[in-house]
Undergrad: 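Before I ask anything, let me first share the structure, which is written out below as structure tokens.
Remember, predicted model here, so these are calculated numbers, not experimental data.
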Amino acid sequence: MTLRLHNTLTRTKEDFVPQDPTNVRMYVCGPTVYDFAHIGNARPAIVFDVLFRLLRHIYGEAHVTYVRNITDIDDKINARAAERAKDRNVPVLDMLREITAETYRVYQEDVAALGNLPATLTPKATESIPGMIAMTKALIDGGHAYAAEGHVLFDVSSKRDYGKLAKRSVDDMIAGARVDVAPYKKNPMDFVLWKPSSDDQPGWDSPWGRGRPGWHLECSAMIEESFSPGETIDIHGGGIDLMFPHHENEIAQSECAHHGAPLARYWMHNGFLNVEGEKMSKSLGNFVTIHELLADWPGDVLRFNMLRSHYRQPMDWTIAGMRESWNTLERWYARTEPLANWRVGETFLEAVSDDLNTPQAIAELHQAGDEELAGGLRLLGFNPAPERLASKKIVDTVEIERAIEARNTARKAKDFKESDRIRDELLAQGIVLKDGPSGTTWEVKR
RNA sequence: GGCCACGUGGCGGAGUGGUGACGCAGCGGACUGCAAAUCCGCGUACCCCGGUUCAAUUCCGGGCGUGGCCUCCA
């Protein structure tokens with residue numbers, strides 16, 4: 001059984017062959033920590049966690065390194081900090097540290113609540129500044145970058161195959177460009193490696209003055225520091241919207257700084273996510289954060305719902321889908337939880353190994369016996385325990401038990417009018433009764 | 001304007017050149033005092049128009065539609 005992955009570089013599914021099966025290397029672009037992560041951010045976190053687990057299953061836990069960075073220096077963060085610092089009348093840089101630390105903390109919590117394993121390494125951009133400066137120097141020395149008006153820019157004309165990931169030529173992009181081109185750029189597509197900072201912006205001393213890195217440079221430097229400098233990694237992942245310009249530019253920087261050594265051999269991109277048929281945006285008011293979702297829904301449900309669509313397909317996130325996911329998981333957890341034994345089924349593993357075809361894999365689980373169901377759930381990152389699906393709704397258990405007793409007394413006396421009245425009353429409170437062979441059980445209706 | 005995806009039954013969602021994946025909902029049955037839950041059974045779908053083929057939902061071309069990227073974005 002071979003693992004096949006869709007490679008954005010070739011736009012085809014390819015057999016995955018790591019350079020070194022005892023050292024499989026994967027890097028995924030993590031969040032910019034300026035605001036709570038939204039449901040769209042959850043998609044890559046979950047998708048690549050499944051891939052991480054699958055790689056560990058195939059190559060062994062000790063042989064897979066998964067790096068997910070934290071972007072904690074960025075102009076969006078600066079803008080947010082400046083805004084809030086003004087409101088609260090505190091120094092901008094203090095505000096900035098508070099925002100990134102707090103957002104990072106919540107992100108880690110949210111991601112863990114979705115059933116994701118911690119990444120092997122979680123580098124922060126602010127901890128890789130010297131590496132970024134060194135890479136910028138190397139690019140200038142190699143004739144791939146130039147300093148201009150306090151900025152350092154990457155010269156796209158210095159890389160013949162610039163655009164190979166996004167499959168577009170520099171000429172095409174210039175033709176379609178809608179941006180004002182900064183006067184100090186030699187070429188409109190040149191992008192910033194380093195830019196000057198004012199006193200109230202975070203900055204580091206560099207050969208080009210006090211400044212801060214461009215976004216793309218951060219990832220290139222963090223990859224270099226997380227793995228061995230200059231080495232090609234196996235998999236680089238992220239959202240499809242990062243393909244251009246972010247990933248294209250990472251490739252340009254890293255390859256030029258490393259004398260042409262490819263940055264990554266397999267590039268993977270997850271599709272976009274819509275909410276109830278509409279693009280998620282703050283103006284539409286359908287902006288859903290993971291954090292608020294977790295207040296109403298178990299993390300496992302959110303995870304399962306995500307995996308019901310293939311990661312490359314556009315996905316529509318709906319409440320109806322979440323309910324369906326909850327029901328399915330609840331039934332499955334009831335079956336698998338008491339089982340001590342589990343094993344990963346062959347057809348299930350084939351499906352997951354076919355470019356993470358989780359919808360197909362889930363279909364296999366619907367047909368599977370208890371042990372294979374348990375094994376499949378485990379591999380996908382679920383921990384079958386009913387309490388993980390407990391409703392967050394607060395109910396008066398004692399009151400319910402008392403009502404059930406009263407109802408069963410009425411039933412014994414064949415007073416069905418009374419027993420139905422009690423059942424309806426509970427139903428009105430959202431409590432559903434089930435009369436089984438071993439007595440009456442209840443659950444919270446959704 | 002340029003580039004790129006996608007269009008499957010009431011809904012979600014895989015897949016395939018030739019016997020209707022799978023789930024949810026719905027319908028019928030079993031069970032139940034009646035229900036719920038559970039179990040059993042039930043479905044002739046692949047945007048449109050051409051082409052290739054013995055055969056196309058699947059391949060090719062064109063059209064229409066939806067969405068994404070080209071600017072911060074998972």
Side-chain angles (χ1 to χ4, degrees), chain A residues 8 11 28-32 34-35 37-48 71 74-77 79 163 166-180 188-189 191 215 237-246 248 269-274 277-282 290 304-318 320-325 327-328 330-332 334-335 347 351 354 357-368 410-417 419-420 423-424 426-427 431-437 440-443 445:
Chain A
T8 307
R11 309 285 155 110
V28 174
C29 288
T32 299
Y34 72 108
D35 203 350
H38 58 249
I39 177 77
N41 296 305
R43 198 172 190 192
I46 293 168
V47 162
F48 291 105
T71 297
D74 180 275
D75 286 352
K76 285 194 298 292
I77 304 175
K167 300 264 186 276
R168 42 181 103 160
S169 71
V170 172
D171 289 347
D172 283 348
M173 289 185 277
I174 292 169
R178 289 196 234 132
V179 247
D180 291 335
M189 296 314 295
F191 57 91
W215 175 39
I240 185 81
D241 51 329
L242 295 182
M243 182 174 74
F244 192 89
H246 185 53
E248 192 70 58
H269 292 97
N270 62 272
F272 229 70
L273 178 143
N274 277 50
E278 283 180 312
K279 179 169 176 163
M280 181 165 48
S281 74
K282 283 183 175 155
I290 301 173
F304 186 74
N305 194 241
M306 205 64 88
L307 296 177
R308 291 200 311 152
S309 358
H310 183 82
Y311 78 94
R312 281 192 283 119
Q313 291 292 104
M315 162 172 190
D316 191 23
W317 186 91
T318 63
M322 289 288 279
R323 288 210 185 93
E324 204 176 299
S325 296
N327 287 334
T328 303
E330 201 157 63
R331 221 175 307 133
W332 281 357
R335 267 174 65 193
T347 53
D354 180 16
N357 193 340
T358 51
Q360 177 67 49
I362 287 168
E364 298 295 343
L365 293 186
H366 278 294
Q367 312 305 311
R411 288 175 71 209
K412 271 193 198 120
K414 304 252 188 236
D415 183 358
F416 297 122
K417 198 177 162 193
S419 66
D420 287 354
R423 185 171 62 196
D424 290 346
L426 286 172
L427 185 62
I431 307 299
V432 183
L433 299 188
K434 300 176 189 175
D435 297 326
T440 302
T441 59
W442 61 274
E443 64 181 37
K445 186 184 155 202

Undergrad: Closer to the 5' end of RNA chain B via nearest nucleotide, is it A:Asn357 or A:Gln367?
TA: A:Asn357
Undergrad: In this structure, how many angstroms lie between the C1' atom of B:rA37 and the CZ atom of A:Arg423, rounded?
TA: 12 Å
Undergrad: I'd like to know if A:His269 reaches the base of B:rA74 with its side chain such that a donor and an acceptor end up less than 3.5 angstrom apart.
TA: no
Undergrad: Please classify the nucleic acid contact of A:Gly238 as base, sugar-phosphate, or nothing, using heavy-atom distances under 4.0 Å.
TA: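 If one applies the 4.0 Å heavy-atom cut-off, A:Gly238 turns out to touch the sugar-phosphate alone, with no base involved.
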Undergrad: Under 4.0 Å, counting only non-hydrogen atoms across every strand here, what does A:Pro314 touch: a base, just sugar-phosphate, or nothing?
TA: nothing
Undergrad: Roughly, in whole Å, what's the span from NZ in A:Lys167 to P in B:rC69?
TA: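 Rounded to whole Å, this separation is 19 Å.
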Undergrad: Using only modelled atom types and a 3.5 angstrom limit, is any donor from either the side chain of A:Asp316 or the base of B:rG12 paired with an acceptor on the other?
TA: no
Undergrad: Paired with B:rC59 by Watson-Crick or G-U wobble geometry, both distances under 3.5 Å: which nucleotide is it?
TA: B:rG51
Undergrad: Give A:Asp74 one of three labels, base, sugar-phosphate or nothing, depending on what nucleic acid heavy atoms sit under 4.0 Å from its own.
TA: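 No contact at all - A:Asp74 keeps every heavy atom at 4.0 Å or more from the nucleic acid.
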Undergrad: Just compare B:rC22, B:rA74, B:rG23 and give me whichever is closest to any side-chain atom of A:Glu324.
TA: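 The nucleotide sitting nearest to the side chain is B:rG23.
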Undergrad: Could you measure between the two C1' atoms, the one in B:rA45 and the one in B:rC60, and give it in whole Å?
TA: 23 Å
Undergrad: With a 3.5 angstrom cut-off on both distances, give the Watson-Crick or G-U wobble partner of B:rC11, or none if there isn't one.
TA: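 Partner of B:rC11: B:rG23.
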Undergrad: Check the distance between B:rU38's P and A:Trp332's CH2 and give it to me in whole angstrom.
TA: 14 Å
Undergrad: Do A:Asp435 and B:rA35 share a donor-acceptor pair, side chain to base, under 3.5 Å?
TA: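 Yes.
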Undergrad: I'd like to check, for A:Phe272, whether its ring lies over the base of B:rA74 with centroids under 5.5 Å apart and a plane angle smaller than 30°.
TA: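 Yes, A:Phe272 stacks on the base of B:rA74.
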